[in-house]
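We count residues from 1, following the sequence as given. Since we're looking at a predicted model, the values are computed, not measured.
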Amino acid sequence: MSEKPKNTEKPKNTDKAEQQRLGVFKTYKLYVGGKFPRSESGRVYEVTDTKGEWLANAPLSSRKDARDAVVAARKAFGGWSGATAYNRGQVLYRVAEMLEGRRDQFVREVADSEGLSKSKAAAVVDAAIDRWVWYAGWTDKIAQVVGGGNPVAGPYFNLSTPEPTGVVTVLAPQESSFLGLVSVIAPVIATGNTVIVIASERSPLPALSLGEVLATSDVPGGVVNILSGKTAEIATPLAAHQDVNAIDLAGADDVLAKELEVAAADNLKRVVRPQAVDYFAAPGIERLTAFLETKTVWHPTGALGASGSSY
């Protein structure tokens, strides 16, 4: 007599509550002074994809948040500008390493934010990672390109050396929410400046996630500060702020750019005007040199000997 086959199937779960699980939505926060505060105003705004579908609530930064970011950037400037160029290069390379580890997350966010296919979003993220590596390699080389000894008529050593400008405000590109963002942040900090970034108003999520990467990439708190919200509302007080030394208007339209230029003139800020940029193209050193000051030192060589040599 044959044995009755055993029922190896697991009993079906009839409890719908156990079959379904609520997703854990990500809470996006600002990145200021190495910390992740919510806007002091408590405000948020809805971020949607290109089809109008809700993605997340992003902090709506206030003027107070902007002032706090300036304080954090100024506090961090001394240590960051005083670090060796080689060390800054190591830190920037570490950012690229951490981004590589979170590549899939950024591909999803860029695809949702910019309405790209997964393959195109992956190309954007890969280019952004490579951009960090590219600027990491320039940290200890830019001084040799734009500085050095100058021939002068007289018994003097005349040496020019580049120094960082200071605290820089950057309006991130509106359409290129990640590659464009990286392309305007990396050159600023590579040369020893600290930065306050106003993320793309329509697509701020990749920028806010970048803050999480920077926090775990050996970047000292306050070197990069990321704000999200209404670009004009945040940029206006920063353009007029007396402790901001320069401003990059990459993400401003012509009307806003003109207003901010007028405000920036009050304390003679360096200003980089918005221009059409292909962020996939190989970058030059223009953004590296845009926020550098040149210090020239004269020093007597000493008396000339009978043979014409000096010491």
Side-chain angles (χ1 to χ4, degrees), residues 26-39 47 55-59 61 65-66 69 72-73 76 80 88 90-114 116 121-136 168-190 193-229 231 234 248 250-251 279-280 283 287:
K26 183 173 181 177
T27 302
Y28 288 90
K29 298 180 182 179
L30 307 176
Y31 182 57
V32 177
K35 300 179 181 179
F36 297 93
R38 293 179 170 85
S39 172
V47 178
L55 292 176
N57 289 335
S61 301
D65 294 317
W80 183 243
R88 287 199 298 269
Q90 289 178 309
V91 172
L92 264 67
Y93 187 82
R94 178 62 175 166
V95 175
E97 288 181 342
M98 298 301 289
L99 281 175
E100 189 75 38
R102 298 178 63 166
R103 179 178 179 274
D104 291 344
Q105 173 197 344
F106 281 94
V107 169
R108 290 194 303 270
E109 289 186 339
V110 170
D112 291 339
S113 297
E114 300 183 18
L116 301 176
V124 169
V125 174
D126 289 344
I129 296 171
D130 293 346
R131 191 63 43 87
W132 278 110
V133 175
W134 195 86
Y135 279 114
V168 180
T169 292
V170 171
L171 280 63
Q174 297 296 331
E175 302 303 322
S176 185
S177 64
F178 191 56
L179 177 56
L181 172 80
V182 168
S183 298
V184 295
I185 293 178
V188 175
I189 66 173
N193 299 286
T194 55
V195 65
I196 300 122
V197 183
I198 304 174
S200 167
E201 183 174 330
R202 185 181 66 81
S203 306
L205 303 187
L208 297 176
S209 290
L210 179 62
E212 299 172 2
V213 172
L214 297 174
T216 55
S217 301
D218 301 329
V219 180
V223 171
V224 179
N225 305 274
I226 302 175
L227 306 175
S228 61
T231 300
I234 310 169
D248 185 343
Y279 290 109
F280 274 102
R287 289 190 180 275

Less than 4.5 Å apart, side chain to side chain, heavy atoms only: is that true for [X] and [Y]?
X    : Y    : value
N225 : V195 : no
T194 : I189 : no
L99  : L210 : yes
L205 : V47  : yes

Report, one line per pair, each donor and acceptor closer than 3.5 Å where one atom sits in a side chain of residues 178-185; sequence neighbours left out.
residue: S183; atom: OG; partner: R131; partner atom: NH1; Å: 2.8
residue: S183; atom: OG; partner: L179; partner atom: O; Å: 2.8

Once side chain to side chain donor-acceptor pair (under 3.5 Å) is applied, do any residues pair with [X], and if so which ones, sequence neighbours excluded?
X    : answer
D126 : R103
K26  : S209, E212
E97  : R94

**Pairs involving residues 213-224, ordered by first then second residue, that meet side chain to side chain donor-acceptor pair (under 3.5 Å) (sequence neighbours left out)** = none
For [X], salt bridge (Lys or Arg N to Asp or Glu O under 4.0 Å) partners two or more places apart:
X    : value
E114 : none
D65  : none
R108 : none

**Asked** Are F106 and V124 close enough, and set up right, to give a side-chain contact (heavy atoms from CB on, under 4.5 Å), and what steps lead you there?
**Response** CA-CA 9 Å; F106 281 94; V124 169; over 6 Å; no
State which residues pass side chain to side chain contact (heavy atoms under 4.5 Å, CB included) with [X]; sequence neighbours excluded, sorted by chain then number.
X    : value
R38  : T27, K29
E175 : R202
A215 : Y31, F36
A111 : A121

**Request:** Could you tell me whether the side chains of T231 and Q174 share a donor-acceptor contact shorter than 3.5 Å?
**Result:**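 On atom types as modelled, these side chains qualify, holding a pair under 3.5 Å.
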**Request:** Decide yes or no on side-chain contact (heavy atoms from CB on, under 4.5 Å) for D248 and R287, but give the supporting numbers first.
**Result:** CA-CA 9 Å; D248 185 343; R287 289 190 180 275; 2.4 Å; yes
